Amino acid sequence: MKMPPWPCCPKEIPHNEKLLSLKYESLDYDNSENQLFLEEERRMSFLGFKCLEISRWVICGLIGFLTGLIACCIDIAVENLAGVKYFVVKQNIEKFTEVGGLSISLILWAVLNAAFVMVGAIIVAFFEPGAAGSGIPQIKCYLNGVKIPRVVRLKTLVVKVCGVICSVAGGLAVGKEGPMIHSGAVVAAGVSQGRSTSLKKDFKIFEYFRRDTEKRDFVSAGAAAGVSAAFGAPVGGVLFSLEEGASFWNQMLTWRIFFASMISTFTLNFFLSIYNKKPGDLSSPGLINFGRFESDVSVCGLLGALFNILNYWLTIFRIRYVHRPCLQVMEAMLVGAVTATVSFAMIYFSNDCQPLGPDQSEDYPLQLFCADGEYNSMATAFFNTPERSVRSLFHNPPGSYNPLTLSLFTLTYFFLACWTYGLTVSAGVFIPSLLIGAAWGRLFGILLASITPDGSIWADPGKYALIGAAAQLGGIVRMTLSLTVIMVEATGNVTYGLPIMLVLLTAKIVGDYFVEGLYDIHIKLQSVPFLHLEAPATSHWLTAREVMSAPVTCFNRIEKVGTIVDVLSNTSTNHNGFPVVVPVCGLILRSQLIVLLKHKVFVELARSRLTQRKLQLKDFRDAYPRFPPIQSIHVSQDERECMMDLTEFMNPTPYTVPQVYTKVTYQPCLPIGALLNEALENLPGLCETLQIIVYVGYRDEVVNQKLC
């Protein structure tokens, strides 16, 4: 008898990153200025508009406060859990170093790591897969206008916070700073709506902001607040939102985002000072504090490109084979155990012993086989949280590491970090990248001093570690302006602004020659139709007509209810917006039609008079953002024969594009978060999700029209 396959056995899933997934839709970043909207705007007084502006500032303040509070909780939890783990393992190692049996210490370390990672992987894989990774690629897509399922849910936030605590405490080559950006964005999306759809609790506040346009601006503020809490860099947070995320920006939005960032870093600073029993000592502005600095670059781009290429192929393998939750948990546990094993082996075989002086910054020094009064230098890098390891590489005095130790650590941690990023755990790549760069940067400084005639040190090796850290992170994520400011703010010294900027630009130029940035790679691997700033260079000769598909799915201004229900129920053309024609006079969204059907807003013919139930914008806002599916709307056979007048609800002023080149068509799509495929040969069938009606006309006749 043939046995059924084991449920966890790997089965290949074909994947082609050049194809776009149909599960992603666009957000409506273009305000629907229909009759209901205009009537509400006319009724609002000058004082009402002022109250709305004050509400925006209040929401940004709440976003900053809550994001800083979450960062504080993560930091305290990680420090305590990691402290207990390293204390137990350290005591065990010291015990068995004298009597023998260090293998028991290795097993203990590996089991503790695997246990923490198992908890973090289980809650992500089985409860909320959207909380995996750092979340930065998903937030970039959201701000770009792509509706990523479950990306800003409360459940995602809870799993993200708990998952990153377990990942860092489990000793993985990850950081807790990246997930803070996602956490801040989720906080912003929830606070700005004045309710929780997950908890089914409506506080009846901020109802005006229940639309994609307003939520987008607050999510930008949340992402910036997350950066500010992570690095203590409020200006860097604003620039991160501008450079990496937001597709829409204005001056008032800049000030509100900066306000949220300042509140975030102050909140974290304030509560950490209370926790450290130093109230008022605001010396911990972020989760990672580089410490204060008192006053060959192309390698960084190559290493960043190599990291991205290796992680790309590893992610392809995971998508094809490691797609079951149980396999994902097992892989995460394996990586946690392997990380502990490799770290133990590197410490065990290292003979780099350094004197334990008063200026050392080791929190868990291991003596192992070193003489009394000395510690194992390799343990400083491996037997620590990544943030503390980065600080030790920056600030330990010259001579604290020998070149062999740094070389082995850089090589080992590089591959561990590459293997770790992409696991089904909540984790960031910022700190591992900084740690790798700090190690080879300090190594470069030591080698530079060794080749000078008199052996003098050109500069403190810690300063080379800082430049190397910035270069490595820039080579992986390809951030320039925002990362420069983040590093300057985190170090507290503007002197290093110019060299950091130069290495980041070099890293980006060199890395872009070989492969895209890590976040862009993962966006493409998820088959997200991400809209880049510029259209593909080869698209300049294409016209709008050539990238449209036909026949057009559209409605008349007064349409039969049965026709609307049939179109919305048709899964083969699952469009989210429809042009209203005869002639082309507007745009109606699927969500609007759902609300109209739910409230039975039908037109009845009675003695040639049209009667219609009055609907308000509040009805649409109450249904936002989880509009019911069309299958849940019951329409009787008699109701199918009724008519629906779309005039009052459609957007009468959608973006329209004549027969022009695609590059010209492309530009209006950017501010409304449209979804456009870079590979133009795959465009037919995609443009239906966008918020533009593209029509190509000859005289007064519409030859081809399509919702784009």
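All values reported here derive from a predicted model rather than from experimental measurement.
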Is it the case that the side chain of S241 and the backbone of V238 share a donor-acceptor pair, with hydrogens and angles ignored and the cut-off at 3.5 Å?
no
Taken in chain and number order and not counting sequence neighbours, the residues that satisfy salt bridge (Lys or Arg N to Asp or Glu O under 4.0 Å) with D520 are K140
Is the backbone N or O of S261 less than 3.5 Å from a side-chain atom of S228, with the two atoms forming a donor-acceptor pair by type? yes
Classify the angle between the aromatic ring planes of F209 and F206 as parallel (below 30°), tilted (30 to 60°) or perpendicular (above 60°).
tilted
Rounded to the nearest 0.5 Å, the CG atom of L504 sits from the CG atom of L473 at a distance of 8.0 Å
Regarding K50 and E53, does a basic nitrogen lie under 4.0 Å from an acidic carboxylate oxygen?
no
**Study point:** Note, E489 side chain near V235 side chain (heavy atom, < 4.5 Å)
**Key:** yes
Are E177 and V164 packed together at the side-chain level, in the sense that at least one heavy-atom pair is separated by less than 4.5 angstrom?
no
If you define the side chain from C-beta out and look only at heavy atoms, does anything of L27 sit under 4.5 Å from V146?
no
Interatomic distance, CG@L435 vs CG@L416, rounded to 0.5 Å, equals 10.5 Å
### Message
Within the 4.5 Å heavy-atom criterion, are P149 and Y24 side-chain neighbours or not?
### Response
yes
Sidechain N-carboxylate O distance under 4.0 Å for R211, D28
no
On a heavy-atom basis, the closest approach of A260 and A225 is O-CB, 4.1 Å
Side-chain ion pair, R56 and E214, N-O less than 4.0 Å
yes
**Message:** Tell me if a side-chain donor or acceptor on S167 pairs with a main-chain N or O of S426 at a distance below 3.5 Å.
**Reply:** yes
Show, in sequence, the C-alpha distance, side-chain angles and deciding distance for Y275 and C72, and conclude whether the side-chain contact (heavy atoms from CB on, under 4.5 Å) test is met.
CA-CA 9 Å; Y275 173 76; C72 182; 5.6 Å; no
### Message
Using a 3.5 Å distance criterion without hydrogens, assess whether the side chain of T491 forms a donor-acceptor pair with backbone atoms of V488.
### Response
yes
Legend entry - Test item: N250 side-chain N/O and M252 main-chain N/O as donor-acceptor pair under 3.5 Å: yes
Contacts of K204 meeting salt bridge (Lys or Arg N to Asp or Glu O under 4.0 Å) (sequence neighbours excluded), chain-then-number -> D202
Inset, instruction - Check whether any side-chain N or O of N308 sits under 3.5 Å from a backbone N or O of E516 as a donor-acceptor pair, and report yes or no. - result: yes
request  = Assess whether salt bridge (charged side-chain N to carboxylate O under 4.0 Å, His left out) is satisfied between K176 and E387, documenting all intermediate values.
outcome  = CA-CA 9 Å; K176 56 183 181 288; E387 291 83 1; 3.2 Å; yes
| request: For the pair R590 (side chain) and G577 (backbone), establish whether a donor and an acceptor sit closer than 3.5 Å, ignoring hydrogens and angles. | output: no
To the nearest 0.5 Å, atom OH of Y29 lies from atom CG of N144 at 8.0 Å
- Between the side chains of T156 and R150, is a donor N or O closer than 3.5 angstrom to an acceptor N or O? no
(request) Would you mind reporting whether P432 and Y421 have side-chain heavy atoms less than 4.5 Å apart? (result) no
- Checking S273 side chain against F270 main chain: does a donor-acceptor pair fall under 3.5 Å? yes
Nearest heavy-atom contact between G474 and A507 is C-CB, 4.1 Å
Donor-acceptor under 3.5 Å (Q592 side chain, L589 main chain): yes
So CG of L172 and OG1 of T420: to nearest 0.5 Å the spacing works out to 5.5 Å
| said: Quick one: does any side-chain atom of K155 pair with a main-chain N or O of F127 as donor and acceptor, under 3.5 Å? | reply: yes
Heavy-atom side-chain contact between K147 and N576 under 4.5 Å:
no
Over-ring placement of R216 relative to Y142, 6.0 Å and 45° cut-offs: no
Exercise for the section: Count the heavy atoms of every other residue, nucleotide or ligand shown that sit under 6.0 Å from OH of Y208, and state whether that count exceeds 12. Expected result: yes
For the pair E331 and R318, evaluate side-chain contact (heavy atoms from CB on, under 4.5 Å) and give the outcome as yes or no after the intermediate values. CA-CA 10 Å; E331 185 197 16; R318 285 184 174 129; 2.8 Å; yes
So does K160 pair up with E128, basic N to acidic O under 4.0 Å? no
The complete set of ring pair (Phe, Tyr, Trp, His ring centres under 6.0 Å) pairs with one or both residues in residues 56-80, sequence neighbours excluded, reads W57-F259
Ion pair present between K508 and E243, side-chain N to carboxylate O less than 4.0 angstrom?
no
For this session: For side-chain contact (heavy atoms from CB on, under 4.5 Å), just list the numbers for F218 and V191, CA-CA rounded to whole Å, side-chain angles, deciding distance to a tenth of an Å, and then say yes or no.
Result: CA-CA 9 Å; F218 292 119; V191 170; over 6 Å; no
I want to check something: taking the side chain as every heavy atom from C-beta on, are R388 and E79 in contact at a cut-off of under 4.5 Å?
yes
Rounding to 0.5 Å, atoms OG (S264) and CD1 (I257) come to a distance of 13.0 Å
Of all heavy-atom pairs linking A230 and M180, the shortest is CB-CB, 4.4 Å
Correct closest heavy-atom pair for A82 and T385 would be CB-CG2, 3.7 Å
side-chain contact (heavy atoms from CB on, under 4.5 Å) between I476 and I436, intermediate numbers included
CA-CA 11 Å; I476 291 176; I436 295 167; 5.6 Å; no
Check: Is the distance between the ring centroids of H522 and Y312 under 6.0 Å?
Finding: no
Correct closest heavy-atom pair for N311 and C418 would be ND2-O, 3.0 Å
Heavy-atom nearest pair, A132 first then L423, reads CB-O, 4.4 Å
Interatomic distance, CD1@I123 vs CE@M118, rounded to 0.5 Å, equals 11.5 Å
### Task
Determine whether T197 and P625 make a side-chain contact, defined as any pair of heavy atoms from C-beta on separated by less than 4.5 Å.
yes
Notebook entry, point to check: Taking atom types as modelled and ignoring hydrogens, do the side chains of S198 and R626 form a donor-acceptor contact shorter than 3.5 angstrom?
Noted result: yes
